[in-house]
Amino acid sequence: MQLIDTHCHIYADTFDTDRQEMIERALKEGVNQMLMPAIDTETHKAMLRLEEQYPGTCRSMMGFHPCSVKANFEEELAIIYKYYEERTFCAVGETGLDFYWDLSFKEQQYQAFHKQIELALHHNIPVVIHSRESTDECVRTVKEHQKGKLKGVFHCFGGSPEQASQIIDLGFYLGIGGILTFKKSGLDVVLKDIDLKNVVLETDAPYLAPVPFRGKRNECSYLKYVVQKLADIKQISVEEAAAITTANARKLFDI
Ligand SMILES: [Zn+2]
């Protein structure tokens with residue numbers, strides 16, 4: 001079984017004591033690629049270092065997280081543009097809108113999101129979208145730019161069937177992780193009616209650990225609980241669920 005964790009912050013310092021062992025556990029469970037979304041300039045170096053240590057296994061995205069968008073967002077974006085002058089990345093991300101934590105930079109969040117969508121279009125790579133308490137707004141923003149070329153994923157999807165179908169209609173994937181295993185998330189019911197060709201898997205490590213590790217530090221090897229749950233919901237084998245979602249991730253991120 002081969003799995004791709006399409007969203008994990010494994011450069012986070014919570015893994016400083018056992019990062020190598022954690023990656024080995026993931027590889028043992030068949031998670032042989034781990035895609036790392038950027039947050040902001042504070043963590044770019046750690047992320048790029050990890051990519052260098054595990055070529056072909058840990059891959060970097062480059063972008064600017066909406067929770068890090070402050071008054072100085074244009075300076076941060078300038079640094080990101082510089083990286084793209086030197087090389088490409090597997091995706092622009094993570095970007096999007098976060099209306100859960102802080103609304104004081106809402107306008108700047110929108111501007112940074114628009115700019116990063118344009119960056120993804122320019123480089124013909126996917127955009128990885130964070131849409132906490134803002135799924136409808138993110139869908140609208142993507143729609144403005146979708147002229148048939150934009151591709152990407154709504155990471156950590158936890159929305160309604162209507163939102164899921166709007167995302168799919170835009171040609172985007174649903175990033176599904178540990179929330180699927182949470183009792184009462186309702187995501188199992190939503191996923192029942194969704195064709196797996198629209199789904200990629202992620203852990204969002206170190207956050208959102210699946211059951212039976214809910215509330216603990218999440219890690220890439222726990223992706224097996226997500227794919228198992230997905231297989232149960234769709235009443236297919238875990239191998240089939242893995243094969244379909246892994247093929248989707250390969251196609252989307254061109255890896
Ligand atoms: Zn993330």
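Residue numbers run from 1 in the order of the sequence given. First listed ligand is number 1; within each ligand, the first listed atom is number 1.
- Using a distance-only test at 3.5 Å, with no hydrogens or angles considered, a donor-acceptor pair links the side chain of Gln146 to the main chain of Lys149.
- The aromatic ring centres of Phe154 and Tyr173 sit 6.0 Å or more apart.
- Of all N, O or S atoms in Glu94, the one lying closest to the Zn ion (ligand 1) is OE2.
- For Asp16, the side-chain contact (heavy atoms from CB on, under 4.5 Å) partners at least two apart in sequence or on another chain are Asp13, Arg19.
- Listed by first then second residue, pairs satisfying salt bridge (charged side-chain N to carboxylate O under 4.0 Å, His left out) with a partner in residues 51-62 read Glu51-Arg87, not counting sequence neighbours.
- Taking 2.8 Å as the criterion, His9 counts as a coordinating residue of the Zn ion (ligand 1), since one of its N, O or S atoms falls below it.
- Note on His7: its N/O/S atom closest to the Zn ion (ligand 1) is NE2.
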